[in-house]
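Encoded as structure tokens, the structure appears first; notes follow it.
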Amino acid sequence: MSALTTVGAVGRTAARFGIAREPNNFAVAKIGHDLAVNMLPKSKIPRTGRIEPEPLSPLKAIALKVRVPYTKMWWSNSNPCSHGLRLDDFVYQQHINPDAQKACPRMDDIDLQLRNFRCFRASQLVIERTVAPVEERFTDVDNDVRYLHPWVQQVVRENEEEAAWDSY
């Protein structure tokens, strides 16, 4: 890899807070979650006082089991990968996903600058009808860290909390 792509390959957020690796899922950078029980309206607080994760529906569990192997197979031969984008660059596009728009300013500056550089370079490669050099592609999905995913999940949780307060 060139020096340009190795800088921030993991990202400052992942380097600071660590990486969560779950079996049959992608590695995700950890961030401090700020959704606490005392932030919810009283009608939404369970009697135990703890927020328990909701169990997955059977359909969603099957979709998660299929998603990871399919993405690992598809990503290394895809157009976004050949243009030098990482998985989160492609999944969370700012002009499509409003949650990604809110999440991007929360990232560390170096991660955001690297993301912007990869997106601008990919746009330039599309215009030129070329592909990125092999050493600048992120083909290894197993070792790639989902650097934007935890921030987007935080925005989604905040939107759910706001909706809970609005319906209170």
Side-chain angles (χ1 to χ4, degrees), residues 1-34 53 56-160:
M1 286 186 137
S2 69
L4 189 59
T5 55
T6 55
V7 174
V10 173
R12 285 181 73 185
T13 304
R16 187 183 315 150
F17 297 112
I19 299 171
R21 294 191 184 272
E22 297 176 7
N24 297 327
N25 209 344
F26 298 111
V28 177
K30 294 181 185 175
I31 62 171
H33 299 297
D34 61 351
L56 292 176
S57 67
L59 185 61
K60 191 167 186 175
I62 291 172
L64 286 175
K65 286 183 182 178
V66 172
R67 177 188 61 142
V68 174
Y70 176 75
T71 303
K72 289 178 183 178
M73 175 193 70
W74 169 79
W75 181 253
S76 59
N77 298 322
S78 67
N79 277 338
C81 178
S82 66
H83 293 138
L85 293 175
R86 289 174 67 175
L87 187 60
D88 273 4
D89 297 337
F90 177 69
V91 172
Y92 297 116
Q93 297 179 22
Q94 287 178 281
H95 63 281
I96 295 175
N97 191 343
D99 295 334
Q101 278 182 336
K102 289 183 183 178
C104 281
R106 299 180 184 192
M107 290 190 311
D108 286 328
D109 284 343
I110 187 71
D111 292 338
L112 186 59
Q113 290 170 4
L114 288 170
R115 174 189 168 89
N116 290 338
F117 172 77
R118 287 190 299 268
C119 292
F120 285 133
R121 182 184 58 183
S123 299
Q124 183 65 29
L125 291 172
V126 167
I127 291 169
E128 294 174 354
R129 296 179 185 246
T130 59
V131 294
V134 176
E135 62 272 3
E136 293 184 6
R137 298 180 192 172
F138 292 93
T139 56
D140 191 9
V141 178
D142 291 331
N143 294 327
D144 193 14
V145 177
R146 303 285 306 273
Y147 68 94
L148 186 56
H149 182 73
W151 299 108
V152 172
Q153 294 304 314
Q154 185 181 42
V155 169
V156 168
R157 280 194 306 275
E158 288 173 1
N159 291 342
E160 290 172 356

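The backbone N or O of D89 sits nowhere less than 3.5 Å from a side-chain atom of R118 that would complete a donor-acceptor pair. Side-chain N or O atoms of R146 include none that pairs as donor or acceptor with a backbone N or O of D88 at under 3.5 Å. A donor-acceptor distance shorter than 3.5 angstrom exists from the side chain of R86 to the backbone of V145, with no hydrogens or angles considered.
Going from atom OH of Y92 over to atom CG of L87 covers 9.0 Å, rounded to the nearest 0.5 Å. Rounding to the nearest 0.5 Å gives a distance of 11.0 Å between CG of L148 and CZ of R106. Here the CH2 atom belonging to W151 is positioned 9.5 Å from the CG atom belonging to D111, to the nearest 0.5 angstrom. Here R121 contributes atom CZ and L114 contributes atom CG; the two are 10.0 Å apart, rounded to the nearest 0.5 Å.
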Are F90 and H83 close enough, and set up right, to give a side chain to side chain contact (heavy atoms under 4.5 Å, CB included), and what steps lead you there?
-> CA-CA 11 Å; F90 177 69; H83 293 138; over 6 Å; no

Evaluate the criterion side chain to side chain contact (heavy atoms under 4.5 Å, CB included) for residue pair V131 and R137; output intermediate values, then yes/no.
-> CA-CA 9 Å; V131 294; R137 298 180 192 172; 3.2 Å; yes

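For Q124, the side-chain contact (heavy atoms from CB on, under 4.5 Å) test picks out E128, with sequence neighbours left out.
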In residues 70-77, what donor-acceptor pairs under 3.5 Å come from side-chain atoms, sequence neighbours left out?
{"unit_1": "T71", "atom_1": "OG1", "unit_2": "R67", "atom_2": "O", "d": "2.7"}
{"unit_1": "K72", "atom_1": "NZ", "unit_2": "D142", "atom_2": "OD1", "d": "2.9"}
{"unit_1": "W75", "atom_1": "NE1", "unit_2": "F138", "atom_2": "O", "d": "2.9"}

Which donor-acceptor pairs under 3.5 Å do the side chains of residues 95-104 make with protein atoms, sequence neighbours left out?
{"unit_1": "N97", "atom_1": "OD1", "unit_2": "D99", "atom_2": "N", "d": "3.0"}
{"unit_1": "D99", "atom_1": "OD1", "unit_2": "N159", "atom_2": "ND2", "d": "3.1"}
{"unit_1": "Q101", "atom_1": "NE2", "unit_2": "Q94", "atom_2": "O", "d": "3.3"}

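The minimum heavy-atom distance between G84 and A132, with the atom names listed, is N-CB, 4.0 Å.
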